[in-house]
A.B. asks: 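The structure under discussion is supplied below as structure tokens; questions concerning it will follow.
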Amino acid sequence: MIDVKTWIKHCEDLKTQTYIDTTGNITIGWGRNLSNGISLDEAELMFENDFNRCEKELMQYSWYLTQPEGVQDALLNMNFNLGIERLLSFKKMIRALINRNYTDAAIEALDSTWANQVGQRARDIALMIREGK
């Protein structure tokens with residue numbers, strides 16, 4: 001007797017990037033049609049995976065590990081939004097964080113295209129950084 005899950009996976013073939021299937025639907029994974037969106041449980045699972053990845057990425061940097069919890073939370077939010085590569089491009093902000101100059105770090109976070117794009121989110125993050133707690 002065949003394991004039906006293995007059989008289906010063999011027929012579907014795993015795709016980790018979205019693609020358009022033969023009927024024009026956006027699809028991912030083992031043939032998952034995304035046309036009707038995802039469930040709350042699926043969204044929560046993806047969020048947890050993304051959050052954990054973002055936290056793990058930041059844990060590699062001593063300048064992150066030595067910050068107060070509130071600053072770490074702000075940087076985690078920023079990383080979740082930007083991705084680690086773009087966050088690391090904020091070199092003046094990171095330098096200010098290393099020097100524990102939270103006012104300058106906040107100013108550097110706001111002096112960016114990103115801050116103009118995300119508006120209040122950037123202002124909230126900068127406030128948390130500036131408070132240095």
Side-chain angles (χ1 to χ4, degrees):
M1 185 130 192
I2 190 167
D3 175 56
V4 70
K5 288 181 182 178
T6 302
W7 183 31
I8 291 170
K9 285 180 176 181
H10 175 74
C11 292
E12 289 292 342
D13 194 24
L14 175 64
K15 300 282 194 289
T16 59
Q17 301 290 320
T18 56
Y19 66 97
I20 305 298
D21 72 9
T22 57
T23 59
N25 294 307
I26 299 172
T27 308
I28 196 165
W30 301 104
R32 177 60 183 272
N33 179 342
L34 294 176
S35 297
N36 294 322
I38 59 173
S39 70
L40 177 58
D41 287 343
E42 291 165 324
E44 289 294 339
L45 177 64
M46 288 191 293
F47 174 82
E48 286 300 320
N49 288 339
D50 291 343
F51 181 89
N52 291 334
R53 176 187 39 79
C54 288
E55 190 171 46
K56 185 177 177 183
E57 288 169 345
L58 286 169
M59 297 294 279
Q60 302 175 66
Y61 299 98
S62 59
W63 55 263
Y64 170 78
L65 295 172
T66 59
Q67 299 305 319
E69 184 178 353
V71 175
Q72 286 183 343
D73 290 347
L75 292 168
L76 186 52
N77 188 328
M78 200 171 173
N79 187 30
F80 193 93
N81 184 240
L82 284 167
I84 194 67
E85 295 302 321
R86 287 182 61 206
L87 174 63
L88 293 175
S89 73
F90 283 71
K91 294 184 186 317
K92 291 179 183 177
M93 179 192 76
I94 293 169
R95 189 172 22 245
L97 289 169
I98 291 168
N99 294 323
R100 299 210 181 267
N101 185 335
Y102 298 115
T103 299
D104 283 356
I107 289 168
E108 292 300 331
L110 290 174
D111 185 23
S112 65
T113 302
W114 165 76
N116 291 328
Q117 291 169 338
V118 300
Q120 189 60 49
R121 183 179 195 167
R123 290 188 291 278
D124 292 343
I125 288 170
L127 179 61
M128 286 182 71
I129 291 171
R130 189 176 71 223
E131 290 175 351
K133 297 179 187 177

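Throughout, residue positions are numbered sequentially from 1 according to the sequence presented. Note that the coordinates shown come from a computational prediction; the quantities given were computed from them, not determined experimentally.
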A.B. asks: In terms of ring plane angle, is the pair Phe47 and Phe80 parallel, tilted or perpendicular, where the classes change at 30° and 60°?
C.D. replies: tilted
A.B. asks: Search all heavy atoms of Tyr64 against all heavy atoms of Leu58 and return the closest pair with its distance.
C.D. replies: CD2-O, 3.4 Å
A.B. asks: How many angstroms lie between OG in Ser112 and CE in Met78, if you round to the nearest 0.5 Å?
C.D. replies: 6.0 Å
A.B. asks: Taking atom CD of Gln60 as the centre, does the number of heavy atoms from other residues, nucleotides or ligands within less than 6.0 Å exceed 12?
C.D. replies: yes
A.B. asks: Partners of Gln120 by side-chain contact (heavy atoms from CB on, under 4.5 Å), sequence neighbours excluded?
C.D. replies: Arg123, Asp124
A.B. asks: Mind checking salt bridge (Lys or Arg N to Asp or Glu O under 4.0 Å) for Asp50 and listing every partner two or more places apart, or none if nothing turns up?
C.D. replies: Arg53
A.B. asks: Taking all heavy atoms of Ala74 and all of Ile129, pick out the closest pair and write down the distance.
C.D. replies: CB-CG1, 3.8 Å
A.B. asks: Establish whether Met128 and Leu75 are linked, either directly or via other cluster members, by ILVMFWY side-chain heavy-atom contacts under 4.5 Å.
C.D. replies: no
A.B. asks: For Leu127, which residues count as a side-chain contact (heavy atoms from CB on, under 4.5 Å) partner, sequence neighbours excluded?
C.D. replies: Arg130, Glu131
A.B. asks: Start with the C-alpha distance between Ile94 and Tyr61, add both sets of side-chain angles, then the distance that settles side chain to side chain contact (heavy atoms under 4.5 Å, CB included), and finish with yes or no.
C.D. replies: CA-CA 10 Å; Ile94 293 169; Tyr61 299 98; over 6 Å; no
A.B. asks: Any idea which heavy atoms bring Pro68 and Gly132 closest together, and the distance?
C.D. replies: CG-O, 3.3 Å
A.B. asks: Minimum heavy-atom separation for Glu42 and Ser39, please, with both atom names.
C.D. replies: OE1-N, 2.7 Å
A.B. asks: To the nearest 0.5 angstrom, please state how far the CG atom of Asp21 sits from the NZ atom of Lys15.
C.D. replies: 11.0 Å
A.B. asks: Go through the side-chain N and O atoms of Asn25 and Thr27 and say whether any donor and acceptor fall under 3.5 Å apart.
C.D. replies: no
A.B. asks: Salt bridge (Lys or Arg N to Asp or Glu O under 4.0 Å) with Asp41: which residues, sequence neighbours excluded?
C.D. replies: none
A.B. asks: In terms of hydrophobic clusters joined by side-chain contacts under 4.5 Å, are Phe90 and Leu88 together?
C.D. replies: yes
A.B. asks: Report yes if some heavy atom in the side chain of Leu14 is under 4.5 Å from a heavy atom in the side chain of Lys9; otherwise report no.
C.D. replies: no
A.B. asks: Is there a path of hydrophobic side-chain contacts, each under 4.5 Å between heavy atoms, that joins Leu76 and Ile84?
C.D. replies: yes
A.B. asks: Tell me, with the steps shown, if His10 and Thr6 meet side chain to side chain contact (heavy atoms under 4.5 Å, CB included).
C.D. replies: CA-CA 6 Å; His10 175 74; Thr6 302; 5.6 Å; no
A.B. asks: Is it the case that atom CG in Asn36 sees more than 12 heavy atoms from other parts of the structure closer than 6.0 Å?
C.D. replies: no
A.B. asks: Can you give the donor-acceptor pairs under 3.5 Å from side chains of residues 98-109 to other protein atoms, not counting sequence neighbours?
C.D. replies:
| unit_1 | atom_1 | unit_2 | atom_2 | d |
| --- | --- | --- | --- | --- |
| Asn99 | ND2 | Arg95 | O | 3.2 |
| Arg100 | NH1 | Thr66 | O | 3.1 |
| Arg100 | NH1 | Tyr102 | OH | 2.7 |
| Arg100 | NH2 | Thr66 | O | 2.4 |
| Asn101 | OD1 | Asp104 | N | 3.0 |
| Asn101 | ND2 | Asp104 | OD2 | 2.9 |
| Tyr102 | OH | Gln67 | OE1 | 2.8 |

A.B. asks: How long is the straight-line distance from CG of Asp13 back to CD1 of Ile8, given to the nearest 0.5 Å?
C.D. replies: 14.0 Å
A.B. asks: Side chain to side chain contact (heavy atoms under 4.5 Å, CB included), that's the test. Do Trp114 and Ile125 meet it? Break it down for me.
C.D. replies: CA-CA 12 Å; Trp114 165 76; Ile125 288 170; 3.9 Å; yes
A.B. asks: Please check if the side chain of Asn77 supplies one atom and the backbone of Asp73 the other of a donor-acceptor pair under 3.5 Å.
C.D. replies: no
A.B. asks: Tell me whether Val118 shares a hydrophobic cluster with Leu82, the cluster being built from Ile, Leu, Val, Met, Phe, Trp, Tyr side chains joined at under 4.5 Å.
C.D. replies: yes
A.B. asks: Just wondering, are more than 12 heavy atoms of other shown residues or ligands nearer than 6.0 Å to NZ in Lys92?
C.D. replies: no
A.B. asks: Supply the members, apart from Ile38, of the Ile/Leu/Val/Met/Phe/Trp/Tyr cluster built from side-chain contacts under 4.5 Å; use none for a lone residue.
C.D. replies: Ile20, Ile26, Ile28, Leu34, Met46
A.B. asks: Please tell me whether Leu65 and Phe51 are part of a single hydrophobic cluster in this structure, the criterion being side-chain heavy atoms less than 4.5 Å apart.
C.D. replies: yes
A.B. asks: Could you tell me which non-hydrogen atom of Cys54 sits nearest to which non-hydrogen atom of Asn79, and how far apart they are?
C.D. replies: O-ND2, 3.1 Å
